[in-house]
Amino acid sequence: MTLDLTRRSLLKFMGGAAVGAVLSPLPWKLLDDASIWTQNWAWIARPPRGPVSWKDTTCTLCPRGCGLRARLIGTSFVSAWPQPGHPAAAGLCPLGLAAAQLRYHPARVRGVAQRDGSRPGAPWRVVDADATVGDLGRRLAQARARGGERPAIAVLDLRPGRALSRQYREFAQRQGGLYAVAPDARQAAAAALGGLLAATGVAPAPAPSRCGALLSLGAPVADGAGSPCLPAEGSRSFHLQVDAAATYSAARADRWLPARPGTEAVLVLALANALVTESAPGSRAAVLAAMPAVGGGTFADVLAGFTPERVADACGVPAADLRAAARELAARQPALVVGVGDPDGGPLGREEESAVWCLNLLLGAPGPDGALGLRPTEDVLFGLPELPAPVGLDAVPDGSLDLLLVDGSFPGAPLAPALLRRKLRGPNARLVVLGPYAGGAAGRLADVVLPTPAPGEWRDDVPTPALAPRSQYAWSPAVAAAPDWALHAADWLVRLEEAAGTPAAAGTGAAGHDAELKRRAALLQAAGLGDLYEARGGNAVAVTTLASPDAVAGVLAQGGIWTAPATLTLADGDLRLPGPHSELAARWQALAGGRGAQAQATTKTAGPLLLMAGGGLAAAAGNVVPPVLNKLYRESELVAGAGRAALNPATARSLHLDDGAHAELATAHGKRRVTVRHDGSLPPGVVRLAGGPDPLALGDPEGPGTEVAELCGGAGQPVWRLTAATLTEVHHARS
Amino acid sequence: MHAAEKGTACYAMVIDLDKCTGCGACMVACAVENNCAVPPPEAADNRGLTWMRVQRTDNGRDWPEHRAVTVPIPCQQCEHAPCIHVCPVTAVQLDENTGIVGQVPQRCMGCRYCMAACPYHARYFNWWDPKWPEGLEQTLNPDVSPRMRGVAEKCNFCHGRLDRAREQAAAEGRPAEEAVEYVPACVEACPHGAITFGNRQAEGSAVAELAKRPEAFRLLAALGTEPKVTYLSRDPWVRRVGLSRLDMVRGLPDAPEGA
């Protein structure tokens, strides 16, 4: 046999080689390798590498103070996870779980940034820090000189009660300015109790775990990432929910009262009326209502005008149901009433919250044995020196400020940016944000951003959140290094004062902030009250077992938290219930038809809708949102965001608005384009718009979703959750 | 190293819809753990990567009889997974040692047959290369490979965490064939304890006990996919919807006009 090199033999060889190659591993290895090579391009992100470690700290993205366990890869803060067993919260909300991404948010400035804030959408420029601080210092000096009876400087603290807050207050005092706050729904609810007490320095500590019946006025007790009263522990109480919409909390309640929006105040007063008139003469409710009240007369005289029969039409709830609810509260003691409403819609209203506290006082004496505890405020707890009391931002006169400094912390709820600019006096005034971002409610219309460390990059402290059931205090130790251009907010204050010709005072700057943190730890140790929860071991130790202030500081520096029960008490003589001639009673009378009716009566358009703000993730509404929250807002529509207007289907059909239609939502305060969503949980005639980011513009650093508060009138009034609106279809391809 | 015997463990999940409040913590935790990128702004709403997707569905009635429920829907890890049968390149495999249906991105060629076959719409496609804002790659989890465009992906019960648990067990000298306990990201993140996870073959397994409750049901059970995710709900209308209607698993947001 010879090996002839012919065409046939060559073809046979090639065919045999091909068959043989297929039967060998070679082509499959090449296929696998090609897959690997083509899926490892240079532009595909590489995760960080390094040793894995964990650090415990406290989340500061809302006032609640949940425990956070940071996972670090080398020095990179990669992810945030809940601390199991943490006393403040059962877990982390979506915002907290995405906290690691905030260090790299597109809206983060990389130096002192400046623009013309009076022109929304004007570009930001990183400018020379010294020159800008010098300019602001000159303005500060001029404003201080111009001040006097009418301060021209204000510092807006979006998270009062902290160690940094003391520095803001002292700064404002030295500069002859105002220290302003903008309470969210929970803080406003807590503050309303103060108007009914003769005593000061006392804050409410409602304890759902101790109540036999819980009445919620729209507060999402069973919704979302937790109730406004913090985790409900222990046995479940009888739950009554007052909600205009068929919310998740309403569906889970033992009894749902579908009251018309804005009728919460009169509904609560009707419950109080039923409670007083049906209770025995010697009962607490009857005795309290018969006591002399503010302005003369008695509280019972006020309640006489709010019988269930009289308010039933306004509320849309039958009188019999109101009386039955009052009987439930009376029978299942101790009972607790919570106002707040939907936190995403801003404060419920002073009148509503005052009515809530009045009913709470009728239901039982506040104290450690009932469902409504009392605790000392931060000013009392930490022995703060006499500083001017904070003023509400809405009380600052419009057009009065030459310089408004805004703390860039995450507020607990939406804030109307236009409200900030209204306080400025003319185009030469300056709105300056001390924060990491050129966006969100505070940064969106700012003129200058003085960059501070992002959440997780500096040691802040977390005082007791409003309506917490106990006193608590924690630090949020840093888990990552801050960049060079980010200065501690207290250091920016020092630089501004130096530029204004004021030498740095003692106790200022980052060092002063640190000293204040340690002073607070020392006070807690000296008081010997409560327990310290150690984050790493998950153990709680009594403060009395810790011999030195450094030991307390050590636990806090490792992400621990101090807690103490709310044990303050009040005598009935300390209560100041309103009488029939009081200003509060007059405001209640003015609301006899409900806020919704008031809002709709002010518009000239026939048949308007009632716009109800809310339904979103309140904590994400006031500041920038990590990119991954797109999963909730846009890739799934689980959470409503600005730009999606929810409408009752029957109402939508009457307006010829299909699901998904593009429309223009107009109020007396402005208009915006929205996408209509049919939502059967809403009552007829109501359109709901959430205060969160716009899902279609989530990556936009300006965060146009903050317009919702302005659209609802948040720039002009403290209660903006209800306003009249029209909804008209717009015909075009895309909004 | 992982020479576990066949059928050593069968990981399963039970989700209590009566406890789920729709907070979305599980969705965000899953995306953070598994490096799920955010689609570009021009993407239609239904082109996201939500390995764990919380779907809101209702009883079809209007106010005041309207009732809604939020249903977390991960990959159901079906015992008879349709996606395994249709994949032409064996990029989808059922691991008999864990019961987890794994997705191998390197083998996937992007035909999306698996997405068409999945009755739960629990599979997602990388239509674009993931783009991370500058610096955000520093927050990626090194235990999970980032994917590129053109491959399908889905929940895998946090296989990266399973691997970490196995490594920890090996470091502790435990036998390789012993089943390990671990917790997926969604379970760890849920603030209400609505999600229970574990090896249903383990003695005293919580998931096994919960799955036997009278209010337990599995989505589209009549299809015979034998999912390993069981749901609990005391509301009969929720169970009816979950057993028979696609409403529970559809409802992806409408694409904008022209998408």
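Counting heavy atoms from C-beta outward, A:L617 and B:C23 have side chains that stay 4.5 Å or more apart. Under the 4.5 Å side-chain criterion, counting only non-hydrogen atoms from C-beta, B:P146 is in contact with A:P47. When side chains are defined from C-beta on, A:S636 counts as touching B:M27, because their heavy atoms get closer than 4.5 Å. Looking at heavy atoms from C-beta onward, B:V32 lies out of side-chain contact with A:L97 at the 4.5 angstrom threshold.
Looking at B:A37, the atoms closer than 4.5 Å to chain A (heavy atoms on both sides) all sit in the backbone: N, CA, C or O. Residue B:A68 touches chain A through its backbone alone, counting heavy-atom pairs closer than 4.5 Å. With a 4.5 angstrom heavy-atom cutoff, B:D18 touches chain A via backbone and side-chain atoms both. Both the backbone and the side chain of B:P64 come within contact range of chain A, each with at least one heavy atom under 4.5 Å from a heavy atom of that chain. Residue A:A80 does not touch chain B at all, counting heavy-atom pairs closer than 4.5 Å.
For the atom pair A:N648 CG and B:H66 NE2, the distance stands at 10.0 Å (nearest 0.5 Å). For the atom pair SG (B:C26) and CG (A:L638), the distance works out to 8.0 Å, reported to the nearest 0.5 Å. The CD atom of B:Q55 lies 10.0 Å from the CD atom of A:E637; values are rounded to the nearest 0.5 Å. A distance of 9.5 Å separates CG of B:N35 from OG of A:S79, quoted to the nearest 0.5 Å. A distance of 11.5 Å separates CD in B:Q106 from CG in A:D33, rounded to the nearest 0.5 Å. Interatomic distance, CD of B:E65 versus OG of A:S681, reported as 13.0 Å (0.5 Å rounding).
Between B:A25 and A:P94, the shortest heavy-atom contact is N-CG, 3.7 Å. Listed here is the closest heavy atom pair of B:P40 and A:R634: O-NH2, 3.8 Å. In this structure, A:L632 and B:G24 approach most closely via the heavy-atom pair CD2-O, 3.6 Å. Across every non-hydrogen atom of A:E635 and B:G48, the tightest pair is OE1-CA, 3.1 Å. Contact detail for A:P627 and B:V38: the closest heavy-atom pair is O-CG2, 3.4 Å.
For A:Y248 (side chain) and B:T70 (main-chain N/O), no donor-acceptor pair under 3.5 Å exists by modelled atom type. Side-chain atoms of A:K631 do not come within 3.5 Å of backbone N or O of B:C30 as any donor-acceptor pair. Counting only distance, with no hydrogens or angles, the side chain of B:W63 and the backbone of A:A244 share a donor-acceptor pair below 3.5 Å.
Highest contact tally toward chain A, considering only B:P130, B:G193, B:C36, is held by B:C36 [criterion: heavy-atom pairs under 4.5 Å]. Of the listed residues (A:G74, A:P48, A:G91), the greatest number of heavy-atom pairs within a distance under 4.5 Å of chain B belongs to A:P48.
Counting non-hydrogen atoms of other residues, nucleotides and ligands closer than 6.0 Å to OH of B:Y113 gives a total of 12 or fewer.
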Taking distance alone, no hydrogens or angles, what donor-acceptor pairs closer than 3.5 Å link side-chain atoms of residues 134-145 of chain B to residues at least two apart or in another chain?
from	atom 1	to	atom 2	distance (Å)
B:E137	OE1	B:G135	N	3.3
B:Q138	OE1	A:S76	OG	2.9
B:T139	OG1	B:L136	O	2.7
B:N141	OD1	A:R71	NH1	2.9
B:N141	OD1	B:D143	N	3.1
B:N141	ND2	B:E33	O	2.8
B:N141	ND2	B:E33	OE2	3.1
B:D143	OD2	A:R71	NH2	2.9
B:D143	OD2	B:R164	NH1	2.3

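By the 6.0 Å and 45° rule, A:R46 does not stack over the aromatic ring of B:W132.
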